[in-house]
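Since the model is a prediction, treat every value here as computed from it, not as a measurement.
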Amino acid sequence: QVQLVESGGGSVQAGGSLRLSCAASVNTYATHCMGWFRQGPGKERELVASIDSAGRSSYAISVKDRFTISQDNAKNTLYLEMTSLKPEDTAMYYCAAHRLAMSTMYRCARRDADFRYWGQGTQVIVSS
């Protein structure tokens, strides 16, 4: 079992920055894909960024070059650095994880249904 706890959300003006954190109850660095999802008002949940045990990261087109995903193995913590925030980034942000498998070449999944572990979410509000 992996328990995930997000923090760092808040309200910010457009153009501002926030850093989200996700503390994991166990060390997931070598065994799990870690990802950030978000769900805005009236929108479906979408994968924002993910990172695997080899450090390969992937981003949604809408956040590429503005958001950076990283993890601190020693602290069992995942981060999402968000810059140049836009009102459309307003959403509940969720940390999620799934075990990597040889069958998928130890790569991150893309669908939220494939992520087994979820945090409670942290709200991000970007005002114009």
Side-chain angles (χ1 to χ4, degrees):
Q1 282 281 12
V2 179
Q3 294 177 327
L4 303 171
V5 180
E6 303 97 333
S7 61
S11 295
V12 65
Q13 296 229 322
S17 301
L18 281 174
R19 187 176 79 159
L20 305 183
S21 299
C22 171
S25 58
V26 297
N27 190 294
T28 59
Y29 186 77
T31 56
H32 287 70
C33 167
M34 302 298 296
W36 287 98
F37 285 79
R38 69 183 180 186
Q39 187 165 20
K43 297 181 181 179
E44 291 188 357
R45 188 162 57 186
E46 63 171 341
L47 178 61
V48 175
S50 63
I51 188 166
D52 65 21
S53 59
R56 291 172 296 208
S57 57
S58 177
Y59 297 91
I61 292 174
S62 59
V63 306
K64 196 171 177 60
D65 298 328
R66 297 190 299 122
F67 290 11
T68 302
I69 189 171
S70 63
Q71 51 188 355
D72 186 327
N73 181 34
K75 296 181 179 179
N76 296 346
T77 302
L78 178 74
Y79 300 101
L80 185 68
E81 192 77 40
M82 306 186 295
T83 63
S84 301
L85 283 161
K86 305 175 181 180
E88 49 265 43
D89 294 318
T90 294
M92 184 70 80
Y93 283 73
Y94 298 92
C95 174
H98 72 79
R99 183 170 283 273
L100 293 164
M102 186 172 64
S103 59
T104 54
M105 300 182 68
Y106 301 104
R107 290 185 178 271
C108 284
R110 303 291 300 170
R111 303 181 309 159
D112 56 359
D114 293 322
F115 283 77
R116 180 174 181 181
Y117 306 106
W118 291 83
Q120 299 279 13
T122 185
Q123 182 72 50
V124 172
I125 298 173
V126 184
S127 57
S128 56

So how far is it from [X] [atom1] to [Y] [atom2], rounded to the nearest 0.5 Å?
X   : Y    : atom1 : atom2 : result
Q13 : S128 : CD    : OG    : 8.5 Å
N76 : N27  : CG    : CG    : 4.5 Å
M92 : E6   : CE    : CD    : 9.0 Å
H98 : T104 : NE2   : OG1   : 6.5 Å
Q39 : E44  : CD    : CD    : 8.5 Å
S11 : L85  : OG    : CG    : 11.5 Å

Validation row: [X], [Y] side chains within 4.5 angstrom (heavy atoms):
X   : Y    : value
R99 : Y117 : no
L20 : V124 : yes
D89 : M82  : no
S21 : K75  : no

Distance-minimising heavy-atom pair for [X] and [Y]:
X    : Y    : value
D72  : A74  : OD1-N, 3.0 Å
T83  : R66  : OG1-O, 2.7 Å
A109 : D114 : CB-CB, 3.4 Å
A60  : L47  : CB-O, 3.5 Å

Option among T122, L80, L78 that satisfies the side chain to side chain contact (heavy atoms under 4.5 Å, CB included) test with C95: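 Only one of T122, L80, L78 forms a side chain to side chain contact (heavy atoms under 4.5 Å, CB included) with C95, namely L78.
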Determine whether the side chains of R107 and S58 contain a donor N or O and an acceptor N or O closer than 3.5 Å.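 There is no such pair between these side chains.
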Determine whether the aromatic ring centres of F37 and F115 lie less than 6.0 Å apart.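 Close enough - the centres of the two rings lie under 6.0 Å apart.
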Is it true that a side-chain atom of [X] and a backbone atom of [Y] form a donor plus acceptor pair closer than 3.5 Å?
X    : Y    : result
T90  : V126 : yes
Q120 : V5   : no
W36  : Y79  : yes

For the residue pair F67 and Y93, categorise the inter-ring angle as parallel (less than 30°), tilted (30 to 60°) or perpendicular (more than 60°).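 F67 vs Y93 ring planes: tilted.
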Between W118 and D112, does the side chain to side chain contact (heavy atoms under 4.5 Å, CB included) criterion hold? Intermediate values first, please. CA-CA 10 Å; W118 291 83; D112 56 359; 3.8 Å; yes
With the 4.5 Å side-chain cut-off for hydrophobic clustering, are [X] and [Y] part of the same group?
X    : Y    : result
L100 : M102 : yes
V48  : L4   : yes
V26  : I51  : yes
I69  : Y29  : no

Tell me whether the count of non-hydrogen atoms from other residues, nucleotides or ligands lying under 6.0 Å of CD in Q123 goes above 12.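 Yes, CD of Q123 has more than 12 neighbouring heavy atoms, counting only those of other groups under 6.0 Å.
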Counting only heavy atoms not in R116 (residues, nucleotides, ligands), do more than 12 fall under 6.0 Å from its CZ?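 Check fails, neighbour count at 12 or below.
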